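Note that the structure is predicted; figures quoted are calculated from it, not measured. Numbered from 1 within each chain, the chains take letters A, B, ... in sequence-line order.
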There are 2 protein chains.
Amino acid sequence: MSAAGHSHDHAHDHAHGHSCKAEPAAILARAEELCRERAVQFTALRREVLDAVVASEKPPGAYDIAERLSRPGRRVAPVSVYRALDFLMELGLVHRIASRNAFVPCAHAHGASENVVFLICRTCGGIDETTSPEVESGLGKTLKRAGFTPAHSILEVEGDCGACRDKARRA
Amino acid sequence: MSAAGHSHDHAHDHAHGHSCKAEPAAILARAEELCRERAVQFTALRREVLDAVVASEKPPGAYDIAERLSRPGRRVAPVSVYRALDFLMELGLVHRIASRNAFVPCAHAHGASENVVFLICRTCGGIDETTSPEVESGLGKTLKRAGFTPAHSILEVEGDCGACRDKARRA
DNA sequence: GCCGGAAGTGATACACTGTAACAAAGCCGC
DNA sequence: GCGGCTTTGTTACAGTGTATCACTTCCGGC
Ligand SMILES: [Zn+2]
Ligand SMILES: [Zn+2]
Ligand SMILES: [Zn+2]
Ligand SMILES: [Zn+2]
C-alpha cells in the first residue's frame, strides 16, 4: 500500500483506490492538536504506541506493539499498550480491526459517527480505509426498515488489493 | 430476522425489527438436508452444538456452548465445540460475530457469497440478521472504485433494536 | 514552591478465545 | 473383518484482553 505524500509533496489526488499510509508527521500533528483541544495528555507512551502503529509494515496486534516498544532495560507490558490504544481509539486516531485483532492508524480524519470500510488484503496483509456514501445511505435505509437504531458499525472486507492482483496477473 | 412459520403458522410478517429466533425444527431440517447433499456426517456432537446455538437466549461463545453441553460424566472440550462450529459455519448454518466472539444460527438460508448485516442490540444482547441489496450494490461500487476484489465481508451494526427502544420509551 | 487530587503507568495475575498435536474411537467401502 | 478416512477426546499451549493495586507524574490552587 502506497505511501502518500513525499517531502516535496507531489500531487496526490487519490483517484487510486489503494491504501495510502497516513503521513506519520501529519497524524502526529493531528494527535497533538486533538489532545490540546480536549485538554488531555499526549504522553510519551501514547506517542510511542501511535508511532508503532503508524510505522508497522502490517497492522500490528497489541502484543506486537508491546514487543516493539520493549528493550533490554525497559519492558512495556501489553496492558499499557491496550490503555494507550483505547485512548487513541477514543480520539479516532486508531482503529481496531475486529476480524484480525489488529490496529491501524486512521487514514482519513473522518468523524466518529461516519462509517468507514476497511479493505483487508489477504495477500499482502495491508489494510486500507475508505468511506462510502453509497453504503452509508443504503445501510441507513436498511436499518430504518428493520427498526434498528444504530450506534456504530464495522464493515470489513477481505480480498485482494489492486497491487497484489496486478502482481499475481503478471506472474 | 425471523423465523417464519410456527406449527400453526400464524401470520408473522416481520414488519417488526427485532430478532426472531430461527425455528429450531426448520434449521435442523436444513442441516440434515445439507449434510445429505454434500455427503458429510451430521453427527450427534454437531447436532448438539447447533441445538445449543439455536436454543441460547443470547448468542453464546464457544466456551458457553462447551459448558452447556458438559454434564457430570461427560465433558465436552472447547476444542470440540470449535470444530463443530467450523463445520456448521462451512455449511452456512451458523455465523460468527467478530465483534463479540459469539455465534448465531443463520436465520436466512442465504448463499455463501451474499452479504448479510448483523444487528446487535446493546441493550438486550440479541443479534438479528438481515440482507440489504442497497448495501450490497453500494459496496460493490465502492470496492470497484478502490480497485479491490472482495472475497467476503462482515458488516456488524451495534445499536438498539426496536423492541428495546420501545421499552425504553415507555419507561 | 508546596499540597492534594486526578490522571497515567508499572507490575502481576488472571480470564477469555482459539489452535496444535497426537491418540483413540467410529464410520464406510471393499 | 480389513484398511483408510473422518470424527472426537485429551492435553498442552498460543494469543487476546481485563482486573487490581501500588506507584509515579501531572496540574490546578494556594
Ligand atoms: Zn479512520
Ligand atoms: Zn495486497
Ligand atoms: Zn445467515
Ligand atoms: Zn434489544
Side-chain angles (χ1 to χ4, degrees), chain A residues 31-32 34-50 52-53 56 58-91 94-104 125 154 156, chain B residues 31-32 34-36 38-53 56 58-91 94-104 125 154 156:
Chain A
E32 285 173 359
L34 271 175
C35 289
R36 230 176 309 126
E37 275 179 21
R38 307 204 191 180
V40 292
Q41 309 176 35
F42 191 48
T43 65
L45 179 65
R46 288 166 179 175
R47 178 190 314 265
E48 289 171 83
V49 169
L50 179 56
V53 173
S56 284
K58 322 240 162 182
Y63 279 68
D64 298 328
I65 299 170
E67 190 177 357
R68 175 189 264 257
L69 296 185
S70 293
R71 301 169 219 268
R74 183 212 182 194
R75 167 182 133 92
V76 176
V79 60
S80 298
V81 174
Y82 277 110
R83 285 190 287 229
L85 286 171
D86 287 343
F87 175 87
L88 295 169
M89 285 191 289
E90 191 72 24
L91 264 59
V94 164
H95 302 300
R96 189 178 121 85
I97 307 298
S99 61
R100 292 286 181 109
N101 299 326
F103 300 85
V104 294
I154 64 174
E156 301 176 7
Chain B
E32 285 173 359
L34 270 175
C35 290
R36 229 176 310 128
R38 306 202 192 181
V40 292
Q41 309 176 34
F42 191 48
T43 64
L45 178 65
R46 289 167 178 173
R47 179 192 313 265
E48 290 172 82
V49 169
L50 180 56
D51 281 343
V53 173
S56 285
K58 323 240 163 181
Y63 279 67
D64 297 328
I65 299 171
E67 190 177 357
R68 176 189 263 256
L69 296 185
S70 294
R71 301 171 221 268
R74 183 212 183 194
R75 166 181 134 92
V76 176
V79 62
S80 297
V81 174
Y82 277 110
R83 286 191 286 230
L85 286 171
D86 287 343
F87 174 87
L88 296 169
M89 285 191 288
E90 191 74 24
L91 264 59
V94 164
H95 302 300
R96 188 178 123 86
I97 306 298
S99 61
R100 292 286 181 108
N101 299 326
F103 299 85
V104 294
I154 65 173
E156 302 175 8

Measure [atom1]/[X] against [atom2]/[N] and give the value in whole Å, please.
{"X": "A:Leu69", "N": "C:dG10", "atom1": "CG", "atom2": "P", "value": "10 Å"}
{"X": "B:Ile97", "N": "C:dT17", "atom1": "CD1", "atom2": "P", "value": "14 Å"}
{"X": "B:Arg36", "N": "C:dC27", "atom1": "CZ", "atom2": "C1'", "value": "18 Å"}
{"X": "B:Asp64", "N": "C:dC16", "atom1": "CG", "atom2": "C1'", "value": "10 Å"}

Which distance, rounded to the nearest 0.5 Å, do you find between the [atom1] of [X] and the [atom2] of [Y]?
{"X": "A:Ile65", "Y": "A:Tyr82", "atom1": "CD1", "atom2": "OH", "value": "9.0 Å"}
{"X": "A:Glu90", "Y": "A:Arg38", "atom1": "CD", "atom2": "CZ", "value": "7.0 Å"}
{"X": "B:Arg47", "Y": "B:Asp51", "atom1": "CZ", "atom2": "CG", "value": "7.5 Å"}
{"X": "B:Arg68", "Y": "B:Ser56", "atom1": "CZ", "atom2": "OG", "value": "4.0 Å"}

Which residue lies more 5' along DNA chain C, comparing A:Phe87 with B:Gly61 via nearest heavy atoms: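 In this pair, the answer is A:Phe87.
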
A:Glu32, CD: over 12 other non-hydrogen atoms inside 6.0 angstrom: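 Counting other residues, nucleotides and ligands, CD of A:Glu32 exceeds 12 neighbours.
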
Pairs satisfying salt bridge (charged side-chain N to carboxylate O under 4.0 Å, His left out), at least one member in residues 71-83 of chain B, at least two apart: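 Qualifying pairs, neighbours excluded: B:Glu48-B:Arg74.
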
Under 4.0 angstrom between A:Ser80 side-chain N/O and C:dT9 OP1 or OP2: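 So the side-chain polar atoms of A:Ser80 never come under 4.0 Å of the phosphate oxygens OP1 or OP2 of C:dT9.
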
Distance test, side-chain N/O of A:Arg75 to OP1/OP2 of C:dA11, below 4.0 Å: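 For A:Arg75, the contact criterion (side-chain N or O under 4.0 Å from OP1 or OP2 of C:dA11) is not met.
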
Under 3.5 Å donor-acceptor, A:Glu156 side chain and A:Ile97 backbone: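 Such a contact is absent between A:Glu156 side chain and A:Ile97 backbone.
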
Filtered N/O pairs between nucleotides 19-25 of chain C and protein, under 3.5 Å:
none

For chain B, the stretch of DNA chain D it reaches, first to last nucleotide, under 4.0 Å of its heavy atoms: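 It runs D:dT6 to D:dT11.
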
Criterion side-chain contact (heavy atoms from CB on, under 4.5 Å) on B:Val49 and B:Phe87, from CA distance to verdict: CA-CA 10 Å; B:Val49 169; B:Phe87 174 87; over 6 Å; no

